[in-house]
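So the structure is just underneath, and the comments pick up after that.
Only a predicted model underlies this, so the values are computations on that prediction, with no experimental measurement involved.
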Amino acid sequence: MTANAQIVIDQVSHRYRPPTGREVLALENVSLSVQNREFLALLGPSGCGKSTLLYMIGGFLPTVTGGIRIDGKPVAGPGPDRGVVFQHFALFPWKTVKANVLYGLERMPLPQDEREKRAQTFIEMVGLAGFEDSYPSQLSGGMKQRAAIARTLAFDPQILLMDEPFGALDAQTRGLMQAELLNIWRRTPKTVIFVTHDVQEAVFLAERVAVMSARPGQIKAVIDTKFDKTDPHVFKSKTFVDKVDEIWGLVRDEAIKAQASRAK
Ligand code: ADP
Ligand code: MG
């Protein structure tokens with residue numbers, strides 16, 4: 001199983017040591033393998049370390065205890081093989097939407113007009129046509145998030161790391177973006193790790209759902225969610241509803257534990 005895994009997370013722990021205040025053991029002995037081209041959702045209660053784990057895979061936080069390898073190589077920092085959409089993703093405020101998306105394409109060996117075309121395609125895909133020349137400060141939170149998603153998708157990274165990317169979107173846009181993400185993932189060979197706290201979203205998008213425990217985060221269970229989801233009424237199907245129930249049960253237990261430890 002782990003033999004051809006692309007991303008191997010091996011016994012990773014992470015302790016935050018803020019200059020003031022208490023130390024926090026955010027992750028403890030997390031092991032997880034993600035296969036090439038797999039779509040994995042990471043689910044867990046608030047504060048369980050989902051973002052921390054994603055930052056580490058992205059190379060934005062050093063791995064001190066344990067190891068993370070991608071295609072056999074230890075992660076030593078961010079790289080163009082990994083595209084990230086963070087929860088609080090900052091666009092360059094001094095660049096327009098178009099310039100932000102083009103920035104991600106600078107490394108691509110494409111002529112300028114091809115880059116422009118590509119940027120436009122992704123801007124339209126996320127529903128921002130007409131806002132190419134707007135600055136981030138002129139956009140709503142959801143629009144900024146969509147611009148950030150366009151920027152990341154446009155440069156076609158092999159691995160997509162997404163931290164609650166659709167959390168700020170209205171239900172309709174969210175549905176459209178989910179469908180578009182699945183389309184992209186089916187069309188282009190990408191491995192996706194998608195953090196969400198929405199169980200339905202996880203079951204709909206992912207082939208496997210890793211449920212994390214309350215802090216310190218550990219992988220509590222990995223549930224197979226690979227089944228035919230092409231039926232427009234899949235949300236009402238027994239397979240779908242049963243999976244959501246099963247995973248809800250696991251998440252609920254952890255959310256209760258997380259709340260209890262916060263109350264202490
Ligand atoms: P999640 O994304 O699952 O909500 P995080 O990975 O953001 O969880 O955080 C995990 C834990 O680590 C939380 O208890 C959070 O308060 C703590 N934490 C996150 N970032 C820092 C930091 N920079 N310094 C200290 N503690 C932090
Ligand atoms: Mg988070």
Side-chain angles (χ1 to χ4, degrees), residues 39 41-42 50-51 54-55 57-61 77-198 200-202 204-206:
F39 198 129
L42 202 54
K50 302 180 295 296
S51 296
L54 217 61
Y55 293 152
I57 301 167
F60 296 93
L61 262 183
D81 58 330
R82 282 151 290 154
V84 293
V85 178
F86 287 142
Q87 209 170 352
H88 307 287
F89 199 91
L91 295 165
F92 296 121
W94 62 89
K95 285 182 193 271
T96 62
V97 166
K98 183 126 186 207
N100 265 286
V101 177
L102 280 169
Y103 176 83
L105 300 178
E106 267 172 17
R107 279 179 219 254
M108 279 192 150
L110 289 176
Q112 187 58 25
D113 61 330
E114 287 295 319
R115 274 188 212 160
E116 299 255 344
K117 242 192 258 168
R118 194 172 169 85
Q120 192 59 36
T121 304
F122 282 87
I123 288 170
E124 284 170 19
M125 186 206 295
V126 299
L128 286 178
F131 294 91
E132 294 83 353
D133 299 324
S134 301
Y135 288 89
S137 62
Q138 298 171 296
L139 304 177
S140 71
M143 289 163 92
K144 278 185 225 170
Q145 189 65 341
R146 283 185 274 150
I149 291 167
R151 177 164 84 177
T152 300
L153 291 177
F155 81 86
D156 197 27
Q158 195 194 352
I159 297 170
L160 265 180
L161 305 172
M162 308 183 90
D163 196 354
E164 307 198 21
F166 305 151
L169 306 180
D170 61 86
Q172 197 191 346
T173 311
R174 184 176 205 169
L176 289 172
M177 296 290 294
Q178 286 173 343
E180 204 49 66
L181 176 61
L182 279 183
N183 270 336
I184 289 174
W185 172 69
R186 287 184 189 126
R187 278 202 316 262
T188 57
K190 281 190 204 316
T191 306
V192 184
I193 302 183
F194 188 101
V195 170
T196 177
H197 58 248
D198 182 329
Q200 291 221 0
E201 179 170 67
F204 177 60
L205 291 175

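To the nearest 0.5 Å, atom CG of residue L102 and atom CD of residue Q120 are 9.5 Å apart. Interatomic distance, CD of E201 versus CE of M177, reported as 10.5 Å (0.5 Å rounding). From E180, atom CD reaches atom CD1 of I149 across 11.0 Å, with rounding to the nearest 0.5 Å. From D133, atom CG reaches atom NZ of K98 across 7.5 Å, with rounding to the nearest 0.5 Å. Annotation: the span from L128 atom CG to K144 atom NZ amounts to 12.5 Å, rounded to 0.5 Å. Here the CG atom belonging to L42 is positioned 7.5 Å from the CD1 atom belonging to I193, to the nearest 0.5 angstrom.
The backbone N or O of I184 lies less than 3.5 Å from a partner atom in the side chain of T188, making a donor-acceptor pair. With Q145 contributing its side chain and P165 its backbone, the two residues share a donor-acceptor pair below 3.5 Å. A distance-only check finds no donor-acceptor pair linking the side chain of R146 to the backbone of T173 [under 3.5 Å].
Contact check for K117 versus E114: side-chain heavy atoms found under the 4.5 Å cut-off. Side-chain contact check for Y135 versus P93: every heavy-atom pair is 4.5 Å or farther apart. Contact annotation: the side chain of Y55 approaches that of F86 to within less than 4.5 Å [non-hydrogen atoms, C-beta and beyond]. In this structure the side chain of D156 reaches within 4.5 angstrom of the side chain of K190, judged on heavy atoms. Side-chain contact check for L105 versus L110: every heavy-atom pair is 4.5 Å or farther apart. Taking the side chain as every heavy atom from C-beta outward, Q158 and R82 never approach each other to under 4.5 Å.
In plain terms, the two heavy atoms of P157 and G83 that are nearest each other are CB-N, 3.4 Å. Closest heavy-atom contact between L91 and P136: CB-CG, 3.9 Å. Smallest separation of non-hydrogen atoms from G59 and P78: O-CD, 3.3 Å.
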Q: Let me see the working for T152 and L160 under side-chain contact (heavy atoms from CB on, under 4.5 Å), right down to the final yes or no.
A: CA-CA 8 Å; T152 300; L160 265 180; 3.6 Å; yes

Q) What do the steps show when you test L139 against V97 for side-chain contact (heavy atoms from CB on, under 4.5 Å), and what is the final call? A) CA-CA 9 Å; L139 304 177; V97 166; 3.6 Å; yes

Q: Let me see the working for L176 and M125 under side-chain contact (heavy atoms from CB on, under 4.5 Å), right down to the final yes or no.
A: CA-CA 9 Å; L176 289 172; M125 186 206 295; over 6 Å; no

Q: Mind running side-chain contact (heavy atoms from CB on, under 4.5 Å) on I123 and V101 for me, showing each step along the way?
A: CA-CA 8 Å; I123 288 170; V101 177; 4.0 Å; yes

Q: Starting from the C-alpha separation in whole Å, work towards a yes-or-no answer on salt bridge (charged side-chain N to carboxylate O under 4.0 Å, His left out) for R118 and D113.
A: CA-CA 9 Å; R118 194 172 169 85; D113 61 330; over 6 Å; no

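Side chains of D163 and S51: a donor on one and an acceptor on the other come within 3.5 Å. Side-chain contact of T196 with E164: a donor-acceptor pair under 3.5 Å is absent, judged by distance alone.
Residue pairs satisfying the ring-ring contact (aromatic ring centres under 6.0 Å, His included) criterion with at least one member in residues 154-189, sequence neighbours excluded, are listed as follows: F39-W185, F166-F194. For the side-chain hydrogen bond (donor to acceptor under 3.5 Å, both in side chains) condition, the pairs that include at least one residue of residues 100-112, sequence neighbours left out, are N100-R151, Q112-E116.
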